[in-house]
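These notes are about the structure you will find just below.
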Amino acid sequence: MRLQGAIFDMDGTLLDSMPIWKGFSQRFLRDLGREPEADLDTVVKTMTLRECARYFREHYRLPQSERELIEMATGRIHRFYAEEAQPKADVEKFLSLLKMEGVWMYVATATDREEAEAALRRTGLLEYFRGIMTCTEAGAGKNSPVIFEKCLTRLRCRREDCVVFEDALHAVRTAKEAGFRVAAVYDASSEADQPEIRALADYYIRSYGEWMQTDEA
């Protein structure tokens, strides 16, 4: 893989942080006395936190304001990112290799900036990146290529010289449709989507350690 710029998703790509999201919405609603519908994960999968709060308030008729719901959710989420989230195996070695090769890197994440910075700083990964762009700051989720386009502009490299690293099917599809090369990173949370992810992606990383051994061979 030869590149000048790289755009990395965070959850499931840089960090092994997807477990907090599995069932998060269900637990949150049950704590508020509401029984979630069976398809809730699918419904909220590509929503920002603000969009989720609005949906919860309107669909489940919650008495809390949108702002109160966001504050309640972010409190739980912030504690996880600030204290618990761990990097994926060998990811720092991989980032170090890219940095030594002069690759400029940016983070594109659906997680809010405060949590993203807290987790990346604590895990020692923040120093490898020229910046972070969140979906909230971009004004769109990853069903839109806006966040990738904004990161590309900040990296100041050509689209064909940049690779997007993602673990989620919808984000892989969005980046590919926007003309980016995509490296799909395996994460157990997307197990059912792996055949389609592999078919769409230009590169497939089962683990960073395996990738580096293969690349060096």
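We number each residue from 1, following the sequence as shown.
Across all their heavy atoms, Lys142 and Thr174 have their closest contact at O-OG1, 2.6 Å. The minimum heavy-atom distance between Val185 and Gly12, with the atom names listed, is CG1-O, 4.2 Å. Listed here is the closest heavy atom pair of Ala138 and Lys150: O-CE, 3.7 Å. Scanning both residues, Ala201 and Ala184, for their nearest heavy atoms gives CB-CB, 3.6 Å. Ile7 and Cys151 get closest at one heavy-atom pair: CD1-CB, 3.7 Å. Looking at every heavy atom in both residues, Arg57 comes nearest to Gln64 through NE-O, 2.8 Å.
Here the CG-CG distance, from Leu69 to Leu29, works out to 9.0 Å after rounding to the nearest 0.5 Å. For the atom pair OG (Ser17) and CD (Glu84), the distance works out to 11.5 Å, reported to the nearest 0.5 Å. The CG atom of Leu152 lies 11.5 Å from the OH atom of Tyr106; values are rounded to the nearest 0.5 Å. Note that the CG atom of Leu169 and the CG atom of Asp193 stand 4.5 Å from one another [nearest 0.5 Å]. The distance from the CZ atom of Arg158 to the CG atom of Leu3 is 12.5 Å, given to the nearest 0.5 Å. Atoms CZ and CD, on Arg173 and Glu166 in that order, are 12.5 Å from each other to the nearest 0.5 Å.
Asp112 meets the side-chain hydrogen bond (donor to acceptor under 3.5 Å, both in side chains) test with Thr136; sequence neighbours excluded. Applying the salt bridge (charged side-chain N to carboxylate O under 4.0 Å, His left out) test to Arg130 and every residue at least two apart in sequence or in another chain returns nothing. For Arg206, the side-chain contact (heavy atoms from CB on, under 4.5 Å) criterion is met by Tyr186, Tyr204, Glu210, not counting sequence neighbours. In this view, Arg30 and Glu35 satisfy the side-chain hydrogen bond (donor to acceptor under 3.5 Å, both in side chains) rule, not counting sequence neighbours. Contacts of Asp202 classified as side-chain contact (heavy atoms from CB on, under 4.5 Å), with partners at least two apart in sequence or in another chain: Lys176, Arg181, Val182. Evaluation of the side-chain hydrogen bond (donor to acceptor under 3.5 Å, both in side chains) rule for Glu149 yields Arg159 as partners, not counting sequence neighbours. Every residue meeting the side-chain contact (heavy atoms from CB on, under 4.5 Å) condition with Arg113, not counting sequence neighbours, appears here in chain and number order: Glu117, Ile132, Thr134, Glu137. For Asp167, the side-chain hydrogen bond (donor to acceptor under 3.5 Å, both in side chains) partners are Thr13, not counting sequence neighbours. Every residue meeting the side-chain contact (heavy atoms from CB on, under 4.5 Å) condition with Ser65, not counting sequence neighbours, appears here in chain and number order: Arg67, Glu68.
Val172 and Phe165 sit in two unconnected hydrophobic clusters of ILVMFWY residues. Membership requires side-chain heavy atoms under 4.5 Å apart, directly or through other members. Val107 and Val146 sit in two unconnected hydrophobic clusters of ILVMFWY residues. Membership requires side-chain heavy atoms under 4.5 Å apart, directly or through other members. With hydrophobic clusters built from ILVMFWY side chains whose heavy atoms lie under 4.5 angstrom apart, Ile147 does not share a cluster with Met47. Leu40 and Leu62 fall within the same hydrophobic cluster, defined by Ile, Leu, Val, Met, Phe, Trp and Tyr side-chain heavy atoms under 4.5 Å apart, directly or through other members. Linking ILVMFWY side-chain heavy atoms closer than 4.5 Å, directly or via other members, places Tyr203 and Ile197 in two distinct hydrophobic clusters.
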Q) Does the side chain to side chain contact (heavy atoms under 4.5 Å, CB included) test come out yes or no for Cys162 and Leu155, once each step is laid out? A) CA-CA 9 Å; Cys162 184; Leu155 288 171; 4.2 Å; yes

Could you give me the CA-CA distance, side-chain angles and deciding distance for Lys88 and Leu14, then say whether side chain to side chain contact (heavy atoms under 4.5 Å, CB included) is met? CA-CA 6 Å; Lys88 299 199 86 166; Leu14 293 172; over 6 Å; no

Would Glu160 and Phe180 count as a side chain to side chain contact (heavy atoms under 4.5 Å, CB included) if you check the C-alpha gap in whole Å, the side-chain angles of each, and the deciding distance to 0.1 Å? CA-CA 7 Å; Glu160 57 266 32; Phe180 287 92; over 6 Å; no

Worksheet item: Going through the checks in order, is the side chain to side chain contact (heavy atoms under 4.5 Å, CB included) test met by Leu125 and Leu15?
Response: CA-CA 10 Å; Leu125 302 184; Leu15 301 181; 4.1 Å; yes

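Looking only at distances, a side-chain donor or acceptor of Thr74 sits under 3.5 Å from a matching main-chain atom of Glu71. Here the side chain of Gln194 pairs a donor or acceptor atom with the backbone of Ser190 at under 3.5 angstrom. The backbone N or O of Glu92 sits nowhere less than 3.5 Å from a side-chain atom of Ser96 that would complete a donor-acceptor pair.
For Arg122 and Glu83, the salt-bridge test fails: no basic side-chain N is under 4.0 Å from an acidic carboxylate O. For Asp31 and Arg76, the salt-bridge test passes: some basic side-chain N is under 4.0 Å from an acidic carboxylate O.
Annotation: Arg50, atom CZ; neighbour count of heavy atoms from other residues, nucleotides and ligands within 6.0 Å does not exceed 12.
Residues Val103 and Gln4 are not in side-chain contact: their nearest non-hydrogen atoms beyond the backbone lie 4.5 Å or more apart. Using a 4.5 Å heavy-atom threshold, the side chains of Phe94 and Asp90 count as separate.
Among pairs with a residue in residues 23-42, those fulfilling ring pair (Phe, Tyr, Trp, His ring centres under 6.0 Å) read Trp21-Phe24, at least two apart in sequence or across chains. Within the structure, ring pair (Phe, Tyr, Trp, His ring centres under 6.0 Å) pairs that include any residue of residues 39-85 comprise Tyr55-His59 (at least two apart or interchain). Sorted by first and then second residue, the pairs that involve residues 128-164 and meet ring pair (Phe, Tyr, Trp, His ring centres under 6.0 Å), not counting sequence neighbours, are Phe8-Phe129.
Thr111 and Asp11 form a side-chain donor-acceptor contact under 3.5 Å, judged by distance and modelled atom types alone.
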